[in-house]
Number of protein chains: 2
Amino acid sequence: MSMTPDSDASIDDQAARAAWLYYVGGLTQDQIASEMGLSRQRAQRLVSRAVGAGLIHVRLNHHLARCVELEAALRERFRLVRCRVMPGLGPGRDPVRSIAPAAAEEMERVLAERGSRVIALGTGRALRGMVDALSPVEAPQHRLVSLLGNIALDGSASYFEVIMRLAEKVRAPHYPMPVPVLVDTVEENLTLQSLGAVRKVRGLAQAADVTFVGVGQMSDDAPLMTDGFLTLDELHEIQRAGAAGEVAGWIYDGEGRYLDLALNARLTGVRVEIATPERPVIGIAAGAAKVVALKAALTSGIVNGLVTDEPTAAAVLAG
Amino acid sequence: MSMTPDSDASIDDQAARAAWLYYVGGLTQDQIASEMGLSRQRAQRLVSRAVGAGLIHVRLNHHLARCVELEAALRERFRLVRCRVMPGLGPGRDPVRSIAPAAAEEMERVLAERGSRVIALGTGRALRGMVDALSPVEAPQHRLVSLLGNIALDGSASYFEVIMRLAEKVRAPHYPMPVPVLVDTVEENLTLQSLGAVRKVRGLAQAADVTFVGVGQMSDDAPLMTDGFLTLDELHEIQRAGAAGEVAGWIYDGEGRYLDLALNARLTGVRVEIATPERPVIGIAAGAAKVVALKAALTSGIVNGLVTDEPTAAAVLAG
DNA sequence: GGTGAGCGTGAGTATTTGCCCATACGGCGA
DNA sequence: TCGCCGTATGGGCAAATACTCACGCTCACC
């Protein structure tokens with residue numbers, strides 16, 4: 001009931017138009033201002049808004065020789081069905097920015113399939129970045145399913161965001177898993193898993209045609225700990241048991257063999273088993289901290305597809 | 001055998017990397033310079049080179065309300081199977097810049113098909129822009145075929161560029177038509193058309209699954225004339241016969257009915273017949289000069305798909 | 001081996017952009 | 001109704017970017 005019923009849409013429209021004139025038309029902000037009848041500052045704000053809101057996507061159309069080499073080496077060494085290596089952004093800069101557009105492209109490739117696919121999704125910053133970088137496409141023929149519980153300990157919806165935002169962008173039916181990643185007792189877990197809704201989502205996830213996951217490290221900055229699912233003491237104990245990394249909450253050792261931990265009985269999500277070419281599992285991960293975890297997951301074939309950045313790729317191959 | 005065997009590739013690599021850091025990483029040119037160990041000017045030049053060489057693509061992820069409206073109106077009025085309307089860039093600016101990315105997206109949609117398709121191509125600046133804006137994809141399952149002769153009067157290869165560059169980008173088999181658009185006599189035309197190579201290309205073009213064409217105006221700045229295929233006198237005569245526009249060299253009247261001209265017997269290419277939903281013909285065209293030609297082609301259904309810009313769409317609907 | 005054309009480089013400079021701040025506008029509660 | 005607060009606006013300024021020019025280098029052709 002505001003004075004401008006379409007204030008948000010129309011301001012995004014303006015922003016998109018300004019950005020179009022700026023990036024596609026190559027006009028200066030001054031020219032945009034007079035073209036659209038605005039002050040220069042407003043034009044500047046609109047362009048900046050369009051970029052910030054992700055209305056504008058920039059993609060690189062050139063395969064850097066170094067990245068292609070690394071891709072080929074990774075493909076061969078780990079028998080990958082898909083592999084993309086993007087340029088690094090230099091030390092101290094978030095590698096998610098770099099890999100998100102490429103991950104989005106991989107997802108778009110899957111979404112462009114005519115036939116219906118079941119797409120399973122993990123959680124995490126990298127996947128979140130992927131979804132943000134994705135261009136909206138109508139792909140209602142596919143089904144999106146969550147691999148693991150989407151409820152964080154603090155009750156926030158942050159774990160829902162990957163699947164919900166993706167579903168919104170592609171208008172596909174989606175099956176989040178409205179339970180915590182990890183519950184307190186084995187009994188609780190059994191109770192949850194006996195629920196029809198949970199069983200259905202788990203069944204769908206197990207039958208996924210393609211899976212996109214992040215990869216978590218098990219060093220002292222492990223996502224499982226920073227998100228509060230493990231205490232530092234528990235983490236240290238698991239580290240002593242040989243933990244190298246984690247996919248969808250399931251922890252594996254340095255060779256990518258899942259560990260037989262008491263914790264497992266309290267995980268609500270499904271475990272990603274060794275990937276096959278017909279049912280690929282694409283890992284989206286980059287950063288020095290993740291090298292060990294990535295290498296292990298690649299070695300045993302928990303993932304058989306990879307989107308990463310240059311320094312990470314080099315480190316995985318070097319090690 | 002130059003000192004730097006990869007000078008061009010490596011400079012493009014550098015340019016791509018600089019542009020990546022600039023647009024994706026959000027670094028300033030100063031930061032790029034120190035990151036890559038260059039002078040600031042060099043970083044600036046690399047970024048600018050990357051943009052100029054089309055190494056970087058910018059896309060808008062927001063459907064402007066006004067454009068969506070125009071698309072819906074065009075779709076309904078002319079029973080189009082595909083329609084994209086892109087924002088205009090303001091008077092005096094080349095509309096090809098605006099429509100090329102959208103045309104490229106339409107082409108990418110076709111190229112993403114798993115099955116093999118025959119894609120027929122016209123010529124012209126708009127299609128050339130489309131190919132430039134296309135991201136390279138491997139699509140060797142499709143065949144690209146030219147609708148009309150690819151030899152210009154001055155013998156230049158400019159008419160080959162659309163199909164050759166596209167073929168290079170997607171690595172698909174391609175069938176250009178190595179004859180002039182227009183020959184001097186009917187006999188010459190019969191001779192050419194009896195050649196096996198020409199027959200084969202024409203046959204393939206007639207069986208195309210999808211066709212992309214530009215649309216030529218028949219006003220005094222008609223492409224057929226500026227390219228030297230018609231003299232001004234001939235043009236005026238054809239104008240008096242009711243010419244409104246031209247697709248692949250074949251001239252039609254204000255209702256989109258092909259004209260029965262003496263000229264026709266000297267055209268070497270195939271005529272695009274009324275499009276069907278199964279075998280769509282996508283017109284790529286924008287600009288005030290093309291409004292009449294476009295409207296006629298849309299009216300009779302010579303094209304049943306359209307990529308244009310806002311002012312052109314509005315003018316076509318208004319008239 | 002000399003010479004001129006053409007390209008790439010860095011310095012300097014004009015233009016463009018991003019940011020901060022003072023100010024105006026409009027909603028909302030007292 | 002008044003005054004407060006959050007938000008949006010345009011002016012001004014510093015930073016960043018694009019352009020121009022003169023120089024030097026390479027390379028091809030004499």
Side-chain angles (χ1 to χ4, degrees), chain A residues 1-60 62 64-65 87 89-90 92-94 97, chain B residues 1-60 62 65 87 89-90 92-94 97-98:
Chain A
M1 297 247 186
S2 76
M3 250 183 55
T4 56
D6 53 346
S7 60
D8 241 43
S10 105
I11 211 154
D12 272 2
D13 255 40
Q14 277 200 304
R17 189 175 293 273
W20 182 263
L21 293 172
Y22 190 67
Y23 288 106
V24 179
L27 315 212
T28 71
Q29 297 181 352
D30 256 329
Q31 293 172 303
I32 294 167
S34 55
E35 185 81 44
M36 296 178 63
L38 314 159
S39 70
R40 193 191 63 77
Q41 289 83 347
R42 186 144 172 73
Q44 196 276 327
R45 280 188 187 106
L46 287 171
V47 173
S48 141
R49 183 195 172 99
V51 176
L55 268 39
I56 217 88
H57 283 186
V58 179
R59 275 185 194 175
L60 183 64
H62 178 88
L64 292 164
L89 294 178
R93 271 176 254 274
D94 185 2
R97 294 183 74 145
Chain B
M1 297 255 181
S2 78
M3 250 181 54
T4 56
D6 52 347
S7 62
D8 239 44
S10 104
I11 211 153
D12 272 3
D13 255 40
Q14 276 200 305
R17 189 175 291 273
W20 183 261
L21 293 171
Y22 191 68
Y23 288 106
V24 179
L27 315 211
T28 71
Q29 297 180 353
D30 256 330
Q31 293 172 303
I32 294 167
S34 55
E35 184 81 45
M36 296 179 63
L38 314 160
S39 70
R40 199 187 60 71
Q41 287 89 334
R42 184 141 175 75
Q44 195 277 326
R45 280 190 186 106
L46 287 171
V47 173
S48 143
R49 182 194 172 99
V51 176
L55 268 40
I56 217 87
H57 281 188
V58 179
R59 274 183 194 177
L60 183 64
H62 179 88
L89 294 178
R93 272 176 254 274
D94 185 3
R97 291 183 77 143
S98 196

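Sequence lines set the chain letters: A, B, ... in the order given, protein chains first and strands last, and positions in each chain run from 1.
A:Y23 places its OH atom 11 Å from the C1' atom of C:dT17, with the value rounded to the nearest Å. Look at CD on B:Q29: it is 12 Å from C1' on D:dA15, rounded to the nearest Å. Rounded to a whole Å, the CD1 atom of B:I32 is 15 Å from the C1' atom of D:dA15. Atom CG in B:L27 sits roughly 19 Å away from atom P in D:dA15 (whole-Å rounding). Atom CD in B:Q31 sits roughly 14 Å away from atom P in C:dG18 (whole-Å rounding). In this structure, the CZ atom of A:R40 is 10 Å from the C1' atom of D:dG10, given to the nearest Å.
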Protein-nucleotides 6-10 of chain C N/O pairs under 3.5 Å:
{"unit_1": "C:dT9", "atom_1": "OP2", "unit_2": "B:R42", "atom_2": "NH1", "d": "2.8"}
{"unit_1": "C:dG10", "atom_1": "OP2", "unit_2": "B:S39", "atom_2": "OG", "d": "3.0"}
{"unit_1": "C:dG10", "atom_1": "N7", "unit_2": "B:R45", "atom_2": "NH1", "d": "3.3"}
{"unit_1": "C:dG10", "atom_1": "N7", "unit_2": "B:R45", "atom_2": "NH2", "d": "3.4"}
{"unit_1": "C:dG10", "atom_1": "O6", "unit_2": "B:R45", "atom_2": "NH2", "d": "2.7"}

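Side chains of A:D12 and B:H62: a donor-acceptor N/O pair is absent below 3.5 angstrom, by distance only.
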* To do: Evaluate the side-chain contact (heavy atoms from CB on, under 4.5 Å) criterion for residues A:I32 and A:R40: first the C-alpha distance (whole Å), next the side-chain angles of each, then the deciding distance (0.1 Å), finally the verdict.
  => CA-CA 8 Å; A:I32 294 167; A:R40 193 191 63 77; over 6 Å; no
* To do: Go through the steps to decide whether A:Y23 and A:I56 satisfy the test side-chain contact (heavy atoms from CB on, under 4.5 Å), and finish with yes or no.
  => CA-CA 9 Å; A:Y23 288 106; A:I56 217 88; 4.0 Å; yes
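Partner of B:Q14 under the side-chain hydrogen bond (donor to acceptor under 3.5 Å, both in side chains) criterion, out of B:R49, B:R45, B:R42: B:R42 alone.
Between the B:D13 side chain and the A:L64 main chain, no donor and acceptor come within less than 3.5 Å of each other. Within the 3.5 Å criterion, the main-chain N or O of B:P87 finds no donor-acceptor partner in the side chain of A:R17.
Nearest nucleotide to the side chain of B:Q44, out of D:dA16, C:dT17, D:dA18: D:dA18.
Comparing the axis of the opening five pairs of the helix from C:dG1-D:dC30 to C:dA30-D:dT1 with that of the closing five pairs yields an angle of 20°, rounded to 10°.
Between A:M36 and A:L21 there is a side-chain heavy-atom pair separated by less than 4.5 Å. Side chains of A:L27 and B:R93 form a contact here, defined as non-hydrogen atoms less than 4.5 Å apart.
Contact annotation: B:Y22 side-chain N/O to D:dA16 OP1/OP2 distance is not under 4.0 Å.
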